[in-house]
Amino acid sequence: MANLSLLLAVLALSLSVALAADNSALQDFCVADPKGQVLVNGFACKDPKLVEANDFFFSGLHIAGNTTNPNGSKVTPAFATQLPGLNTLGISMARIDYVPWGINPPHTHPRATEVLTVLDGTLEVGFVTSNPENRHFRKVLQKGDVFVFPTGLVHYQRNVGYDNAVAIAALSSQNPGLITVANAVFGATPDIDGDVLVKAFHLDKAIVSYLQSKF
Ligand SMILES: *[C@@H]1O[C@H](CO)[C@@H](O)[C@H](O)[C@H]1NC(C)=O
Ligand SMILES: *[C@@H]1O[C@H](CO)[C@@H](O)[C@H](O)[C@H]1NC(C)=O
């Protein structure tokens, strides 16, 4: 009896772990149908008879993104929206370009673990664990180095080299989602009431209003 409840507990745990990623596919593929009218979790399937090689194809990750913006970085995604064949497969990619001292600001992917590979340059990367520890793991990566950001945790990158840096991210969702901390907190529409942010960040009302105007 004790063994049975242990078994059930382990089973329940492994099920909840499995459900933390995208659902498993029930067919070889389900290419996203951009014209699909059915609202499902993901995209509706295109008629398999009309599927062609180009549905599993995306070209463009050889092209550097335009980094002329205040972040000094650019993410070029190859998610299910850009690569319809990824629909239901639980995986996606992105290219990220950074100018020297460019940042990919602190953000989280609510649905994906991310594995980042540096193709060129030197990147400082880090992530912060859940409350109450909020432990900060940080490392400087060189070309060829790989680093993992666990699902849902706040993470960032910064180019600390003298030249442009390029990285490829692989993500465990066809649609990882992106929550940039500063934008979500100070740029919500409609605004989060200033008093909430004054107390949450120990800031003056004027600074909160200034930050809200910036996002
Ligand atoms: C890059 O973005 C900047 C700012 O939006 C824009 O002015 C510039 O024309 C863009 N450069 C290219 C090559 O598209
Ligand atoms: C900076 O990057 C974040 C993505 O993490 C994006 O949400 C934000 O719009 C970017 N800001 C600018 C000015 O490009």
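Counting convention: from 1, in listed order, for ligands and their atoms alike.
- In plain terms, the two heavy atoms of Ala44 and Cys30 that are nearest each other are C-SG, 4.2 Å.
- Taking atom 8 (C) of ligand 2 as the reference point, the nearest protein heavy-atom neighbour is Asn71 ND2, 3.8 Å.
- Applying the 6.0 Å contact sphere to CG of Leu39 captures no more than 12 heavy atoms from other residues, nucleotides or ligands.
- Distance check for atom 2 (O) of ligand 1: a protein heavy atom is found below 4.0 Å.
- Using cut-offs of 30° and 60° on the angle between ring planes, the pair His155 and Phe149 is parallel.
- Of all protein heavy atoms, the one closest to atom 11 (N) of ligand 1 is Asn66 ND2, 2.9 Å.
- Classification of Asp145 and Lys143 as a salt-bridged pair fails, no side-chain N sitting under 4.0 Å from a carboxylate O.
- Among protein heavy atoms, atom 9 (O) of ligand 2 sits closest to Asn183 ND2, 4.0 Å.
- The closest protein non-hydrogen atom to atom 5 (O) of ligand 1 is Thr68 O, 4.3 Å.
- Under the 4.0 Å criterion applied to side-chain N and carboxylate O atoms, Lys46 and Asp55 are assigned as salt-bridge partners.
- The protein non-hydrogen atom at the shortest distance from atom 4 (C) of ligand 2 is Thr180 OG1, 3.4 Å.
- In summary, the atoms of ligand 2 found under 4.0 Å from a heavy atom of Pro70, numbered by their order in the structure, are 13 (C).
- With a heavy-atom cut-off of 4.0 Å, Asn104 touches ligand 2 through its side chain alone.
- No side-chain heavy atom of Met93 sits under 4.5 Å from any side-chain heavy atom of Leu171.
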Enumerate, atom names and distances included, each donor-acceptor pair closer than 3.5 Å involving a side-chain atom of residues 187-209, sequence neighbours excluded.
unit_1 : atom_1 : unit_2 : atom_2 : d
Asp193 : OD1    : Asp195 : N      : 3.0
Ser209 : OG     : Lys205 : O      : 3.0

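- Taking every heavy atom of Pro105 and a limit of under 4.0 angstrom, the matching atoms of ligand 2 come to 1 (C), 2 (O), 3 (C), 5 (O).
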